[in-house]
Amino acid sequence: MSAPLISLRATEVLRATPAEDTVVLDYEGRFLRRKRLISRAGLSFLVDLPETVSLDPGDAFRLESGQLIGVVAAMEPCLRVEGPLPRLAWHIGNRHTPCQIEADHLLIRADHVLEGMLRGLGATVTATMAPFAPEGGAYGHGRTMGHDHGPGFHSH
């Protein structure tokens with residue numbers, strides 16, 4: 001008879017909590033409920049949360065053993081957008097595109113259609129690799145999943 005398989009589980013997320021070990025996840029990977037992950041130190045664990053969550057860099061999984069595994073944003077293909085930021089941010093937001101807002105630039109995930117639109121609006125757009133951590137939803141932490149403009153309005 002073989003030894004039982006020991007599985008570490010993460011059943012809780014702690015917001016903005018330091019941890020000794022980390023797991024690197026891209027923007028899509030930081031939206032999860034149940035998934036097997038491997039930390040930088042090689043620890044395999046199962047994320048098993050009661051509901052789907054949107055994780056921010058700096059959050060941590062608490063394993064049932066008490067260990068904390070921090071979340072780090074992975075480097076991913078992005079577009080650095082410079083120019084008249086309020087106007088550019090409005091056009092990005094109007095397309096329901098996640099956007100990281102900095103004092104001197106915007107950052108979006110690489111998308112050739114949006115790149116063309118932004119250049120047409122006078123933006124300077126530079127392809128870059130960066131950790132992507134966009135603004136959360138309109139009502140606090142999390143992602144904007146879309147919305148309804150009400151009866152009589154066209155869909156996007």
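Because only heavy atoms are used, hydrogens play no part in the values below, and waters and symmetry mates are left out as well, while side chains stay in.
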(request) Report yes or no: does Arg80 contribute a side-chain atom to a donor-acceptor pair with the main-chain N or O of Thr126 at less than 3.5 Å? (result) no
(request) Drop me the distance from Thr128's OG1 to Met75's CE, to the nearest 0.5 angstrom. (result) 6.5 Å
(message) I need the minimum non-hydrogen distance between Arg15 and Ser54, along with the two atoms involved.
(response) NH1-O, 3.0 Å
(request) State, to 0.1 Å, how close Ala73 and Arg30 come at their nearest heavy-atom pair, and which atoms those are. (result) CB-NH1, 3.5 Å
(message) If we ignore hydrogens and angles and just use 3.5 Å, is the side chain of Asp21 paired with the main-chain N or O of Ala41 as donor and acceptor?
(response) yes
(request) Tell me whether Val81 is reachable from Met117 by hopping between hydrophobic residues (I, L, V, M, F, W, Y) whose side-chain heavy atoms are closer than 4.5 Å. (result) yes
(message) As an exercise, state the distance from CZ of Phe61 to OG1 of Thr11, rounded to the nearest 0.5 Å.
(response) 11.0 Å
(request) Taking salt bridge (charged side-chain N to carboxylate O under 4.0 Å, His left out) as the test, write out the residues that go with Arg95, two or more places apart. (result) none
(message) Using 0.5 Å steps for rounding, measure from the CG atom of Leu107 to the CD atom of Glu82.
(response) 10.5 Å
(message) Is there a side-chain contact between Pro134 and Arg109 in this structure, where contact means two heavy atoms from C-beta onward sitting under 4.5 Å apart?
(response) no
(message) Applying a strict under-4.5 Å side-chain criterion to I, L, V, M, F, W and Y, I'd like to know whether Leu63 and Leu25 cluster together.
(response) yes
(message) Any heavy-atom pair between the side chains of Leu55 and Phe31 that's under 4.5 Å?
(response) no
(message) Once rounded to the nearest 0.5 Å, what's the spacing between atom CG of Leu46 and atom CZ of Arg9?
(response) 7.0 Å
(message) Would the distance check show the side chain of Arg33 and the main-chain N or O of Leu49 forming a donor-acceptor pair, the cut-off being under 3.5 Å?
(response) yes
(message) Please find the pair of heavy atoms, one from Arg36 and one from Ser7, that lie closest to each other, and give the distance.
(response) NH2-OG, 3.7 Å
(request) Keeping to residues at least two apart or across chains, list the side-chain hydrogen bond (donor to acceptor under 3.5 Å, both in side chains) pairs with something in residues 111-121. (result) Glu115-Arg119
(message) For a quick test of reading the model, state the closest non-hydrogen atom pair linking Gly70 to Ala19 and the distance between them.
(response) N-CB, 3.3 Å
(request) Return the minimal non-hydrogen interatomic distance between Ala60 and Thr17, and the atom names on each side. (result) CB-O, 3.6 Å
(message) Do Val23 and Leu43 sit in one hydrophobic cluster, given that two such residues count as connected whenever their side-chain heavy atoms are within less than 4.5 Å of each other, even indirectly?
(response) yes
(message) Determine whether a donor-acceptor pair (N or O, by modelled atom type, separation under 3.5 Å) exists between the side chain of Gln100 and the backbone of Phe132.
(response) no
(request) Verify the cluster assignment for Ile108 and Leu88: are they in a single hydrophobic cluster under the rule of side-chain heavy atoms below 4.5 Å apart? (result) yes
(request) Calculate, to the nearest 0.5 Å, the distance between atoms CZ and OG1 belonging to Arg34 and Thr52 respectively. (result) 12.0 Å
(message) Once side chain to side chain contact (heavy atoms under 4.5 Å, CB included) is applied, do any residues pair with Ala89, and if so which ones, sequence neighbours excluded?
(response) Leu106
(request) Give, for atom CD of Glu76 and atom OH of Tyr27, the distance between the pair rounded to the nearest 0.5 Å. (result) 9.5 Å
(message) Could you see if Ile101 belongs to whatever hydrophobic cluster contains Leu121? Use Ile, Leu, Val, Met, Phe, Trp, Tyr and a side-chain cutoff under 4.5 Å.
(response) yes
(request) Answer yes or no: is there a side-chain heavy-atom contact under 4.5 Å between Met129 and Cys78? (result) no
(message) Test your reading of the model: is there a side-chain donor-acceptor pair from Asp56 to the backbone of Asp59, 3.5 Å cut-off?
(response) no
(message) Tell me whether Glu102 at atom CD has more than 12 heavy atoms from other residues, nucleotides or ligands lying less than 6.0 Å away.
(response) yes
(request) Answer whether the closest heavy-atom distance between the side chains of Ile92 and Leu118 falls below 4.5 Å. (result) yes
(message) I want to check something: taking the side chain as every heavy atom from C-beta on, are Val13 and Val47 in contact at a cut-off of under 4.5 Å?
(response) no
